[in-house]
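Each ligand, and each atom within it, is numbered from 1 in the order the structure gives. None of the values given here were measured: they were computed from a predicted structure.
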Amino acid sequence: MSEQTIGIVGAGGMGRGIARRLTTAGRSVLITDNKDDAAARVAQEASQGRPGTAHTASLEDVLSSDMVVLALWYPGTVDFATQHATALSGKIVIDIANPLSDTFTRLTVPPGTSAAEELARAVPGITVVKAFNTVPAPTLFDGTVGGTGLDTFVASDDDNAKKEVIALLDGSGLRALDAGSLDNAQLLERLCAFGIELGQRYQLGFNFGIKYLPATELTSSS
Ligand SMILES: NC(=O)c1ccc[n+]([C@@H]2O[C@H](COP(=O)([O-])OP(=O)(O)OC[C@H]3O[C@@H](n4cnc5c(N)ncnc54)[C@H](OP(=O)(O)O)[C@@H]3O)[C@@H](O)[C@H]2O)c1
């Protein structure tokens with residue numbers, strides 16, 4: 001696992017946080033962005049004092065990575081993956097998008113679907129895994145809220161891909177939970193919008209986390 005390279009497209013708030021979590025876990029990250037300086041800043045910051053490495057790379061090299069994270073907005077995720085369907089074909093593509101309304105508290109996709117399912121439908125040659133979307137960028141970068149480690153919910157219709165992503169995050173500071181099939185992205189995307197609504201009401205901004213608190217130690221049935 002440690003030899004795998006993870007490509008990140010987009011060096012905004014989430015690309016920054018994901019790169020940091022992955023280098024914390026000792027992974028090798030390649031990152032690209034529309035703006036070379038943004039990607040360079042994120043790569044440099046993510047590598048600092050971490051066991052893993054992060055480098056900027058051409059889009060072509062990023063898309064050649066073992067897995068690719070689309071740290072982009074929806075429906076840009078779908079446009080991007082459609083445009084690069086050949087390069088992404090056969091790969092695990094991690095979708096982090098929340099299709100948020102102007103207020104950030106509602107969704108722009110109709111009930112019964114999600115940004116992740118729309119991506120999977122538009123580009124059938126990729127394996128879509130939903131992850132990271134309920135973790136706001138600032139707390140994702142920090143890895144904790146008030147000293148408590150954060151959860152990420154990992155959903156996919158491909159069990160092996162889901163296991164790979166969960167294993168990828170081992171040591172990242174995030175606890176990755178198996179969140180079932182990809183249609184649970186409908187819930188996860190709505191959950192993030194709800195978290196933002198609470199954050200607005202209680203004037204937290206994006207400084208919050210959503211955590212599952214088990215009464216006993218978690219054991220997986222799968
Ligand atoms: N921010 C959060 O707290 C949060 C939390 C959970 C999930 N998410 C989700 O994460 C995704 C990214 O959010 P973000 O806050 O990281 O957005 P962001 O700060 O706007 O970052 C996106 C970055 O991707 C770049 N980009 C856009 N199209 C590109 C392309 N084709 N190739 C390379 N780079 C490209 C953008 O550059 P330009 O600005 O030049 O277009 C920007 O630097 C969204 O889907 C959002 O719903 C965000």
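- Proximity of Ala71 to ligand 1, defined as any heavy-atom pair under 4.0 Å, is confined to the backbone N, CA, C and O atoms.
- Of the N or O atoms in Thr32, none lie within a sub-3.5 Å distance of an N or O in ligand 1.
- When each atom of ligand 1 is checked for a heavy atom of Ile96 under 4.0 Å away, the hits are 7 (C), 8 (N), 9 (C), 10 (O), 11 (C).
- Closest approach of Ile31 and Ala39 over heavy atoms only: CG2-O, 3.8 Å.
- For the residue pair Ser181 and Asp183, a side-chain donor N or O sits within less than 3.5 Å of a side-chain acceptor on the partner.
- Contact annotation: the side chain of Tyr212 approaches that of Leu218 to within less than 4.5 Å [non-hydrogen atoms, C-beta and beyond].
- Scanning the protein heavy atoms around atom 44 (C) of ligand 1, the nearest turns out to be Leu72 O, 3.3 Å.
- Residue-ligand proximity, Ala97 to ligand 1, at heavy-atom distances under 4.0 Å covers atoms 45 (O), 47 (O).
- The minimum heavy-atom distance linking Phe208 with Thr139 is given by the pair O-OG1, 3.1 Å.
- Here the shortest heavy-atom pairing between Asp170 and Arg27 reads O-NH2, 3.4 Å.
- Among Asn34, Ile31, Val62, Thr77, the residue whose heavy atom lies nearest to atom 35 (C) of ligand 1 is Asn34.
- For the side-chain contact (heavy atoms from CB on, under 4.5 Å) criterion with Ile96, the lone passing option out of Ile18, Leu140, Thr152, Leu70 is Ile18.
- Hydrophobic clustering (side-chain heavy atoms under 4.5 Å, transitive across Ile, Leu, Val, Met, Phe, Trp, Tyr) keeps Phe206 apart from Met14.
- Of all heavy-atom pairs spanning Tyr74 and Glu118, the tightest one is OH-CG, 3.5 Å.
- Closest protein heavy atom to atom 47 (O) of ligand 1: Asn98 N, 2.9 Å.
- Geometrically, ligand 1 and Met14 share a nitrogen or oxygen pair separated by less than 3.5 Å.
- The shell of residues lying under 4.0 angstrom from ligand 1, judged by heavy atoms, excludes Leu100.
- In the hydrophobic cluster analysis, where Ile, Leu, Val, Met, Phe, Trp and Tyr join through side-chain heavy atoms closer than 4.5 angstrom, Val62 is grouped apart from Val29.
- Of the candidates Gly10, Ala38, Gly12, Ala11, Gly12 brings a heavy atom nearest to atom 21 (O) of ligand 1.
- Looking at Ala137 next to ligand 1, an N or O pair under 3.5 Å apart turns up.
- The proximity of Val9 to ligand 1, defined as any non-hydrogen pair under 4.0 Å, is limited to the side chain.
- With respect to Lys35 and Asp33, a salt bridge is recorded, a charged nitrogen being found less than 4.0 Å from a carboxylate O.
- The protein atom (non-hydrogen) at minimum distance from atom 42 (C) of ligand 1 is Asp33 OD2, 3.6 Å.
- Heavy-atom contacts of Val135 reach the following atoms of ligand 1: 5 (C), 6 (C) (cutoff under 4.0 Å).
- Looking at atom 31 (N) of ligand 1, its nearest protein heavy atom turns out to be Phe80 CD1, 3.6 Å.
- Atom 18 (P) of ligand 1 has its closest protein heavy atom at Trp73 NE1, 3.7 Å.
- On a distance-only criterion, Asn133 and ligand 1 share no N/O pair closer than 3.5 Å.
- Note: an N/O pair closer than 3.5 Å links Lys35 and ligand 1 by distance alone.
- Looking at Gly13 next to ligand 1, an N or O pair under 3.5 Å apart turns up.
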